[in-house]
Amino acid sequence: MTQTHDLVITQRATDPSTAPPAPTDPATHITSASGWGSRTWLLLVVLAGALFLDGLDISMVGVALPSIGADLGMGQSQLQWIVSGYVLGYGGLLLLGGRTSDLIGRRRVFLIALGVFGVASVVSAVVDVDALIVALRFVKGVAAAFTVPAGLSIITTTFAEGPARNRAFSIYTVCGASGFSLGLVFGGLLTEISWRATLIFPGPVALLLLFAGLRVIPKIGAAPFRWAQFDVVGALTSTGALLLLVFGVVRAPEVGWASAVTIGTLVVSGILAVAFVLVERRHRHPLVRLGLLRSPLLVHANISAALMFGSYVAFQFVVTLYLQDSLGWSPLAMALGFLPAGLIVAASAIRMDRVLDRVPTPWLLVGGFAAFLGGYLWFARAEPGMAYADFLLPTIILLGIGFAVTFPSVTSQGTAGVDDAEQGLASGLVNTSVQVGGAVMMAVVTAILTSSDEPSGPGELLGGMSTAIWVVAGLSIVGLASAIAMATWSRKSRTQVLPGPVPALESPLAGGAD
């Protein structure tokens, strides 16, 4: 490859036998993994910075919940909605966000959503009405549901598949993982100042990224938007199904898994999901082209994303309660206890692009899930009175390794070989799997802890904690087994995961304007 500077771009050749040319989507790419200029790096800072804020916001506010509750008089059932409201908007609208960015313009969608995210952050920090805070958290989740797939598709349509894209991917995804890992640290530090600081912090940063993005995000010729290209019924049924699924599992610990409300919500979600599939099979421009799901690699990436994030979020929730409520750790002490994982994830950004170039992603997922499993099993040994270096530090190191390897791998595998016009959709699928996995497992472990009859007191294990940890470990066992099976299958079938197109994903372009 020849060296390029800044946003020097080339036209990708399209095989006419597999897809007709798309005049509205020039598929411009940076074609080298080296020699990037300042403008290119600033583009990555903007895109990765937005993802960093999304991850940061999810974990950072959790540390401040006790302070918010004490100040505003919110009970535990109300407090959970400060986190769940964000997840509800995020997980419920990711598919719609991905398809919208493909149709009406990735740059436009990214910048508008980033602005909404920033404004909602600032406003949520100055209000005192709990319902309004939850509503603004939902708005922020919706905004993130549009920035994430739009930002990822900007990368995949700007950086050519191979070394250049792998390098950009590794930086981008590691920033997202670092945001989530370091969110506890930021949350602990900011909570010492005020719980409002945890809400307002992402706002000014998002607005700075917005102004930088106006200058560096490439403008690609856009085709006029046509409603015939937009699957309105598919958007309504898929969004409704996901919103009800997330809402049902998040609320289940409060109202009961066997309650009429929970069962009815999940049944309606299932009916909408079936209706969505039927609509997609008939629509000329479906929201989700079902042919994407013929790729075993793409399906495996989404399953792995749900298992990875679901287990990690659930584990973090359990350990946070144990450290603060049982062992009496301060928010800052707990945050510093998790710091090694964040440092490992951040440091991995230097090398992950080279690793993705050399190692097929299924084998990376084998190593990542093995590290997760080792960390959870080590923590399962925890007993009252154990030192940090004995019961938590080895676990945090292993989880940092697992997150650093697995997060970029599922993102790369979930979008590799997908046509540029469907990159927003593919990235939306991966991130939907992440958020739904997290929401479901948070609800599961909450139900385990709240339904336990085991007595617990200061300095003792939480009731149901051991069961919850073993459930989390079980998810990693499933993830490890599926990764081994996929790695074996891909080797036998001589499938090259990265780089190279996935034949099952080839399709006529369905529009896409930037």
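The residues of the chain are indexed from 1 along the displayed sequence. Nothing here was measured: the structure is a model prediction, and the numbers come from that model.
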Give the minimum heavy-atom separation between [X] and [Y], together with the two atoms involved.
X: Val405; Y: Leu364; value: CG1-O, 3.2 Å
X: Leu244; Y: Leu272; value: CD1-CD1, 3.8 Å
X: Leu56; Y: Gly183; value: CD1-CA, 3.5 Å
X: Leu297; Y: Pro362; value: CD2-CG, 4.2 Å
X: Val205; Y: Phe201; value: CG2-O, 3.6 Å
X: Trp195; Y: Ala64; value: CB-CB, 4.0 Å

**OP:** Tell me, please, which residues at least two apart from Ser311 pass side chain to side chain donor-acceptor pair (under 3.5 Å).
**Re:**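 If we apply the side chain to side chain donor-acceptor pair (under 3.5 Å) test to Ser311, skipping adjacent residues, the hits are Tyr376.
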Original post:
Can you name the residues that form a side chain to side chain donor-acceptor pair (under 3.5 Å) with Ser238, not counting sequence neighbours?
Top reply: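 None.
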How long is the span from the [atom1] atom in [X] to the [atom2] atom in [Y], to the nearest 0.5 Å?
X: Arg108; Y: Ile217; atom1: CZ; atom2: CD1; result: 13.0 Å
X: Ile68; Y: Ile82; atom1: CD1; atom2: CD1; result: 4.0 Å
X: Met441; Y: Leu475; atom1: CE; atom2: CG; result: 4.5 Å
X: Leu209; Y: Leu42; atom1: CG; atom2: CG; result: 9.0 Å
X: Phe407; Y: Cys175; atom1: CZ; atom2: SG; result: 10.5 Å
X: Phe52; Y: Phe186; atom1: CZ; atom2: CZ; result: 4.5 Å

Does the side chain of [X] reach to within under 4.5 Å of the side chain of [Y], using non-hydrogen atoms?
X: Ile171; Y: Trp41; result: yes
X: Met60; Y: Pro202; result: yes
X: Leu44; Y: Ile155; result: yes
X: Leu399; Y: Phe315; result: yes
X: Phe146; Y: Val142; result: yes

Please check if the side chain of [X] supplies one atom and the backbone of [Y] the other of a donor-acceptor pair under 3.5 Å.
X: Thr191; Y: Gly188; result: no
X: Thr406; Y: Phe403; result: no
X: Arg107; Y: Leu214; result: yes
X: Arg282; Y: Leu278; result: yes
X: Ser269; Y: Thr265; result: no

Subject >> Pairwise salt bridge (charged side-chain N to carboxylate O under 4.0 Å, His left out) hits with a residue in residues 114-133, at least two apart >> reply: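 Qualifying pairs, neighbours excluded: Asp128-Arg196.
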Original post:
Any salt bridge (charged side-chain N to carboxylate O under 4.0 Å, His left out) pairs touching residues 43-57, not counting sequence neighbours?
Top reply: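 Non-adjacent pairs meeting salt bridge (charged side-chain N to carboxylate O under 4.0 Å, His left out): Asp57-Arg137, Asp57-Lys140.
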**OP:** For Val277 and Thr237, run side chain to side chain contact (heavy atoms under 4.5 Å, CB included): C-alpha distance rounded to whole Å, both residues' side-chain angles, the deciding distance at 0.1 Å, then the answer.
**Re:** CA-CA 9 Å; Val277 173; Thr237 53; over 6 Å; no
**OP:** Can you sort out the partners of Tyr90 under ring pair (Phe, Tyr, Trp, His ring centres under 6.0 Å), two or more places apart, ordered by chain and number?
**Re:**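 Residues passing ring pair (Phe, Tyr, Trp, His ring centres under 6.0 Å) with Tyr90: Tyr86.
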Original post:
Can you list the residues that meet the ring pair (Phe, Tyr, Trp, His ring centres under 6.0 Å) rule with Phe369, with sequence neighbours excluded?
Top reply: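 Testing Phe369 for ring pair (Phe, Tyr, Trp, His ring centres under 6.0 Å), a comparison that skips the adjacent residues, returns none.
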Subject >> Residue pair Val148, Leu152: steps toward the side chain to side chain contact (heavy atoms under 4.5 Å, CB included) verdict >> reply: CA-CA 6 Å; Val148 170; Leu152 187 54; 5.5 Å; no
Original post:
Is there a side chain to side chain contact (heavy atoms under 4.5 Å, CB included) between Phe110 and Val46 once you walk through the steps?
Top reply: CA-CA 10 Å; Phe110 179 86; Val46 170; 3.9 Å; yes
Original post:
Are Leu365 and His300 close enough, and set up right, to give a side chain to side chain contact (heavy atoms under 4.5 Å, CB included), and what steps lead you there?
Top reply: CA-CA 10 Å; Leu365 291 174; His300 176 250; 3.5 Å; yes
